[in-house]
Amino acid sequence: MQRRFRLSRSEDFKRVRRTGKSYAHPLVVLVAQASESHKQIRIGVAAGKTSGTAVHRNRAKRLLREAIRPLIPSMTLRLAQDNTSGWDLILIARPALAGATLTDTRSALTNLLKRANLLPAVDESPG
RNA sequence: CAGGCUGGUCGGGCAGUCGCGGUCCUGCGUUGACGGGAUCGAGGAAAGUCCGCACUCCUAUAGAGCACGGCGUCGGAUAGCACCCGGGGCGGGGAAAUCCCAUCCCUCGCGGAUGGGAAAACCGCCGAUGAGGCGUGAACCUGCCGGAUAAGGGCCACAGAAACAGGUCGCUCCCUCCCCCCAUCCCCUCUCCCACCGGGAAAGGGGUGUAGGGGUGAGGGUAGUCAGAGUGAAAAGGUGGUGUAAGAGACCACCGGCGCGCGCAGUAAUGCGUGUGGCCAGGUAACCCCCGCCGGGAGCAAGGCCAAGCAGGAGCGAAUUCGUCUGUGGACGAUGGGAGGCUGCUCGUCUCCAUACGUACCGUUCCCAACCGUGGGAAUGGUCAGCUCCGGGUAGGCUGCAUCGAGCGGCGCGGCGACGCGCCGCCCAGAGAGAUGACUGCCCAGUGGCGCCUCGGCGCCAUGGACAGAAUGCGGCUUAUAGACCAGCCUGGGGU
RNA sequence: AGGCCAGUGGCUCAAUUGGCAGAGCACUCGUCUCCAAAACGAGCGGUUGUGGGUUCAAGUCCUACCUGGCCUG
């Protein structure tokens, strides 16, 4: 995931965390909010101190980025279908993510994105 | 072969696919939220932040004093360092294996577990060289380091007479008093001898007590003394003797410690030897303190630059008439005027202002009323178009900041070493919600299982790689770390 | 990045100049009660966060580490 698709501003994080809608999973938490200022998907990744030391925090964030990377084209397709505006997403790692594999994380993310109505429900093979 | 210690190196490798960040180059009928290529991309600790620096600001080549803090054996190394290197002193640790014995267990053997012990030689230490004693004695590792004579203060619980110094108990000496014993003297009784006036000897009892000797007890002393006094972590050198009224380093022999002098070794700390002196010299300075040395403070979220905006500050700053309506407070319109925007300037156009300053608004102080909110009065200060200049802090962008450095690698030389010098070669991560990841295959250590035999090797299968992620940089230290390899040293056993 | 503080029984806290680790609540047992509660009495419960050091002696002093919390911009 290239850097320009990432959420990086501190005020953006605050706004999404305050007004966005959240979806929880034992491995990860998704917070999503529609945005009118741009027409794309921006994704921020966070791992708190409860995730462990710096090694574990970095590993959790890499895992989340690698897991959501193949799901971005489906989401853009879905947004093109709805002709809606852009979306800001935040993925927050939970402590159990340290022992998870890539496939576990990817299925968890697919589940969350379908619940958030950000993936085409008909498409059963993402990526 | 088994085990130990120390030092050093590495910290999985190769290939493929997808993905991320930096730099450079590059493509275009589409200059894009576009594509392509090359190259580079975590560590020995990046960590903790315990020290020392570079660099930046305060703020100026941080210079002096005080306070405060840190450090403190000697020499060296270094830009610097308290922790680096090499010495010195004092202290602590130092497995197992081998042999023997005891007990227990079992698959009964040259078995295992636990506990205890270990000769000679050699070595180390104590002991004047010795005799003797102690030690299964190693390699090696590790903690600490100014001053408590001869600046001063504090503290040393409990116990103990006493915690550092005079005194207490005690031991002596002297004086006084009481008592006892002995000797002298006197008297009485009995026995024996000479012998018959009597004398002598011995035993027992009593009395006297002046002078004499000894002992016990009590009281007292400007007396001597610290040998002894159960305690305690610690009690003023140790052992033996001389000596004395009693004692004591008071004196003597040997030894221990400290100070001073000399000689030798060493740059020095210090060590060894020797002479001498007096034993007055308890511990604690990781208690205050004294001596010597060092330190200005803050930190890359330091600091610099940029655009916009805001708080705030300073300054400039114009003043006409006419008409209509009216509740006479004002409102509207016109004319010209003022300030500014658009522009390089003029014209033009647009916005705002205007006798507006008052029965306005905002504060402060005082008085009155009121339960409060508040209201009334007085005094006093400020504001009332707009523009110009200065101008923050935070957030944002650029920078500091990623190639020139206390830099890295190799070789050689010097040094025990930390390290230094010379030559050659190289440029080596740089983000900013924070890049180095994921998957697959093979190999390499390691572990487990199975099979084969020459009994420690081979083959197959499965499993499988720790601690940990740069954020201004660097040098030490500390802490975490699966394992692998190399070198040196030491102990024990076996073979030759 | 820098600075500061704390860690003591299950919980909340004391411990003066280094000198026998304590209090309240909780728990257990007993008295009281028909039974509880309350009250009263007794008891249990500690490697003072961990390691090393100084000292005769460490909760206290020094040092290294671990955990938790707070402050500044």
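Numbers restart at 1 for each chain; the letters A, B, ... are given by sequence-line order, proteins then strands.
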Taking any strand in view, what nucleotide pairs with B:C325 in a Watson-Crick or G-U wobble way, both distances under 3.5 Å? B:G330
For B:A42, does the glycosidic angle fall within 90° of 0 (syn) or outside that (anti)? syn
Residue met sooner reading RNA chain B from 5', once A:Glu66 and A:Ala46 are mapped to nucleotides: A:Ala46
Taking atom C1' in both B:C288 and B:A268, compute the distance separating them and give it to the nearest angstrom. 34 Å
B:G153 and B:C164, which share atom name P, separated by this distance in whole Å: 12 Å
Who does B:C251 pair with, Watson-Crick or G-U, both distances under 3.5 Å? B:G241
Just verifying a value: how many Å separate A:Asn111 CG and A:Arg115 CZ, rounded to the nearest 0.5 Å? 5.5 Å
If only side-chain N and O atoms of A:Arg65 are considered, is one of them under 4.0 Å from the OP1 or OP2 phosphate oxygen of B:G434? yes
Counting only Watson-Crick pairs (N1-N3 plus N6-O4 or O6-N4) and G-U wobbles (N1-O2, O6-N3), all under 3.5 Å, who is the partner of B:C458? B:G451
Can you figure out which of B:A438, B:G434, B:G19 approaches the side chain of A:Leu102 most closely? B:A438
Looking at A:Ala108 and A:Leu27, what are the two nearest heavy atoms and their distance? CB-CD1, 4.3 Å
Parsed dot-bracket for RNA chain C after applying the Watson-Crick and G-U rules with both distances under 3.5 Å and | for other-strand partners is (((((((..((((.....[..)))).(((((.......))))).....(((((..]....)))))))))))).
Find the distance A:Ile43:CD1 to B:G19:P and express it as a whole number of Å. 16 Å
Could you tell me which nucleotide pairs with B:G363 by Watson-Crick or G-U wobble geometry, both distances under 3.5 Å, or answer none if nothing does? B:U380
Can you list the residues that meet the side-chain hydrogen bond (donor to acceptor under 3.5 Å, both in side chains) rule with A:His25, with sequence neighbours excluded? none
With C1' as the reference atom in both, quote the distance from B:A246 to B:U225 in angstrom, rounded to an integer. 7 Å
If you restrict it to nitrogen or oxygen atoms, what contacts under 3.5 Å exist between nucleotides 466-470 of chain B and the protein, and what is each distance?
residue, atom, partner, partner atom, Å
B:G469, OP2, A:Val55, N, 3.2
B:G469, O2', A:Asn58, ND2, 3.4

Side-chain heavy atoms of A:Val29 within contact of A:Leu91, under 4.5 Å: no
Non-hydrogen atoms of A:Leu30 and A:Ala116 that approach each other most closely: CD2-CB, 4.1 Å
Spacing of A:Lys61 atom NZ relative to B:A438 atom C1', expressed in whole Å: 18 Å
Let me confirm one number: the CG-CD distance from A:Asp88 to A:Gln33, rounded to the nearest 0.5 Å. 6.5 Å
Applying a 3.5 Å limit to both distances, which nucleotide forms a Watson-Crick or G-U wobble pair with B:U222? none
Measuring only the C1' atom in each nucleotide, how far is B:A62 from B:G296? A whole number of Å is fine. 6 Å
How long is the line joining CD1 of A:Ile68 and C1' of B:G19, in whole Å? 15 Å
Taking the side chain as everything from C-beta on, heavy atoms only, tell me whether A:Leu71 gets closer than 4.5 Å to A:Leu113. yes
Closest non-hydrogen contact found for A:Leu112 with A:Ala24 is CD2-O, 3.7 Å
Compare every heavy atom of A:Ala46 with every heavy atom of A:Lys61, then report the nearest pair and how far apart it is. CG-C, 4.5 Å
Between B:C226 and B:C289, how far apart are the C1' atoms? Round to whole Å, please. 35 Å
Paired nucleotide for B:G160 [Watson-Crick or G-U wobble; both distances under 3.5 Å]: none
Base orientation of B:A318, syn vs anti, 90° cut from 0: syn
Tell me if B:A95 is syn or anti. Syn = glycosidic torsion within 90° of 0, anti otherwise. syn
Answer syn or anti for B:C186, where the cut-off is 90° from 0 on the glycosidic torsion. anti
So CD1 of A:Ile68 and CG of A:Leu63: to nearest 0.5 Å the spacing works out to 12.0 Å
For A:Arg106 and A:Glu66, indicate whether the former's side chain and the latter's backbone hold a donor-acceptor pair under 3.5 Å. yes
Could you work out the separation of B:G344 and B:A301 based on their C1' atoms and round it to a whole Å? 47 Å
Suppose we define a pair by two distances each less than 3.5 Å, Watson-Crick or G-U wobble; what does B:U394 pair with here? none
Starting from C1' on B:A438, measure out to CG on A:Leu64 and report it in whole angstrom. 13 Å
For A:Asp88 and B:A433, what is the distance between atoms CG and C1' respectively, to the nearest whole Å? 13 Å
In whole Å, what separates the C1' atom of B:G124 from that of B:C51? 41 Å
Which atom of A:Val28 lies closest to which atom of A:Leu64, heavy atoms considered: CG2-CD2, 3.7 Å
Taking any strand in view, what nucleotide pairs with B:U107 in a Watson-Crick or G-U wobble way, both distances under 3.5 Å? none
Would you measure the distance from the P atom in B:C350 across to the matching atom in B:G333 and give it in whole Å? 14 Å
Over how many whole Å does the gap from A:Arg57 atom CZ to B:A47 atom P extend? 13 Å
N-glycosidic conformation, B:G266 - syn within 90 degrees of 0, else anti: anti
